[in-house]
Amino acid sequence: MSGSKSATRNSNRPPEDGASPRGRYWRLVALSVASAAVFAVLFYLWGRELFPRAAGRWGKTFPFVGAVTLTLAVALFLSEWFGFAGREVRKVRLAARDFLFLCSLVLLLFFAAKAVIDLLAEVPTLGRGVPTRVYAYLIPLPAFAMVVRVLINSETSILFTVAASVLSAAAASGSWPALLFLLLSGTAGAARARRVPDRYRMLMAGVQTAPVCALAAAALEFSFHGGGGVLSAAIFGAVNGLLSGPIALAVMPVAESAFGYASDIRLMELSGTGHPLLSRLMKETPGTFHHSVVVGTLAEAGALAIGANPVLCRVAALYHDVGKLGKAQYYSENQAGAANVHDAMSPGLSCAVILSHVKEGVRIAGEYRLGDRITEIIAQHHGTSLLYCFLDKARPMIRDRKASEEMFRYPGPKPKTREAAIIMLSDAAEAAVRSLDHPAPEEVDETVTGIVNRVYLDGQLNECDLTLRDLHAVGRAISRVLAAVAHGRVDYPPSAV
Ligand SMILES: [Fe+2]
Ligand SMILES: [Fe+2]
């Protein structure tokens with residue numbers, strides 16, 4: 001809206017690397033086939049050990065045939081499980097990338113579990129007095145569940161925990177205590193990774209998971225096998241919980257760079273003004289930078305009012321208008337009393353320049369590797385809204401009103417998430433209130449309400465999960481902060497300056 005003010009997919013995943021949708025599809029297919037081949041080899045290596053009875057019937061060919069059939073069975077299980085949830089569970093909505101990431105994590109965990117159990121069995125000092133079954137309490141599922149919650153969401157982390165528990169329990173000879181422990185420890189880890197804006201919080205989430213894992217391991221060991229291994233089970237469970245934070249911190253950067261995710265920790269790193277893109281924005285388009293900081297404050301307040309992600313809102317708002325770089329003079333917030341360049345341009349040309357900042361923003365976000373969460377918000381922050389002021393200017397020259405209206409609309413897509421919708425509303429409200437001269441709080445409130453109603457009636461919020469109650473809460477939060485900002489602008493007499 002600031003763009004309109006200045007002269008005023010469903011591609012839910014805009015390209016981060018410039019590849020075409022077809023290119024990305026085939027790259028995913030190639031990655032899936034390569035992953036399946038790697039896991040088939042691993043299943044082959046462990047095939048005899050996993051199913052020793054089948055080896056007799058199939059003789060020497062079993063490890064190969066068993067590896068292929070086991071890979072197929074596991075692939076079927078994972079595609080049914082995540083495929084069904086991705087289609088039918090509203091908050092899961094898995095993209096192909098998420099699907100591949102989750103399957104890789106599940107299989108990686110299976111082999112990590114197998115490696116933990118096999119390697120510990122080889123350690124001679126552990127062998128004395130510690131039953132082999134107790135090693136299952138070291139399977140690092142809590143760490144992986146925390147990673148899934150931080151990078152995707154809580155619903156997906158529960159789905160992941162169930163799928164990974166079932167498969168990883170096979171590494172512990174399918175024992176019931178191992179399965180129950182994995183289900184419980186994974187859920188406990190995911191539950192404690194609620195808001196993780198920095199490494200310290202991630203480590204603390206692991207520390208808080210440790211007592212739950214220790215208690216669960218001790219209770220299950222005692223229930224199924226008596227008192228012999230209870231102490232070692234409790235110690236292994238506690239160590240598992242304590243290590244979950246450091247393991248998650250080690251896995252996350254790899255997942256972020258391989259799959260294009262941006263955790264809250266990464267978002268916090270992006271929010272520092274030392275980031276090269278933010279310093280460019282500050283130096284080259286100071287007006288837009290200031291506008292973005294104010295939009296970030298408004299969006300953060302809006303997110304806190306409805307339980308959306310405040311970190312994502314604040315950081316994505318800082319970058320939402322980076323597409324204005326290089327064309328600062330076309331946007332009112334950078335004109336600072338200079339002549340309006342649009343006065344000498346045709347409305348069509350002005351409109352084309354203003355509309356282009358969304359596409360350009362997506363391109364710059366890819367160039368600086370801001371990650372999909374921010375790139376999506378840049379693409380969606382104007383939705384398909386109309387540039388009213390240029391349309392009004394062009395009206396005397398046009399005949400086909402309907403066709404021309406389309407020319408003056410942003411290309412979209414509309415906001416798909418609550419965070420994108422909050423930024424759209426904050427952006428439009430900031431631009432509208434900025435144009436008022438010393439507004440009273442009531443005037444600010446009236447203007448924000450008008451903006452919220454206009455955005456809603458224009459259908460811009462049709463594709464996100466914002467309820468009417470959320471919409472009112474966000475509007476109230478934005479107008480409260482804007483009223484405070486506007487009220488704070490006091491006119492000093494010249495002698496006092
Ligand atoms: Fe803006
Ligand atoms: Fe914009």
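As the structure lists them, so they are numbered: ligands from 1, and atoms in each ligand from 1. Note that the structure is predicted; figures quoted are calculated from it, not measured.
Ion pairing between a basic and an acidic side chain is recognised when a charged N comes within 4.0 Å of a carboxylate O; Lys414 and Asp458 show no such pairing. For Glu360 and Lys327, the salt-bridge test fails: no basic side-chain N is under 4.0 Å from an acidic carboxylate O.
Looking only at its N/O/S atoms, Asp321 has OD2 as the one nearest to the Fe ion (ligand 1). Within His357, NE2 is the N, O or S atom that lies nearest to the Fe ion (ligand 2).
Listed by chain and residue number, nothing satisfies the salt bridge (Lys or Arg N to Asp or Glu O under 4.0 Å) test with Glu80 (two or more places apart in sequence, or in another chain).
Using a 4.5 Å cut-off on side-chain heavy atoms (C-beta onward), Ile374 and Leu267 make contact. Side-chain contact between Leu425 and Leu471: present, with at least one pair of heavy atoms (C-beta onward) separated by less than 4.5 Å.
Residue Glu430 does not count as close to the Fe ion (ligand 1), with no N, O or S atom under 2.8 Å. Taking backbone and side-chain atoms together, His320 has an N/O/S atom less than 2.8 Å away from the Fe ion (ligand 1).
For His291 atom NE2 and Asp427 atom OD1, the angle they make at the Fe ion (ligand 1) is roughly 80°, to 10 degrees.
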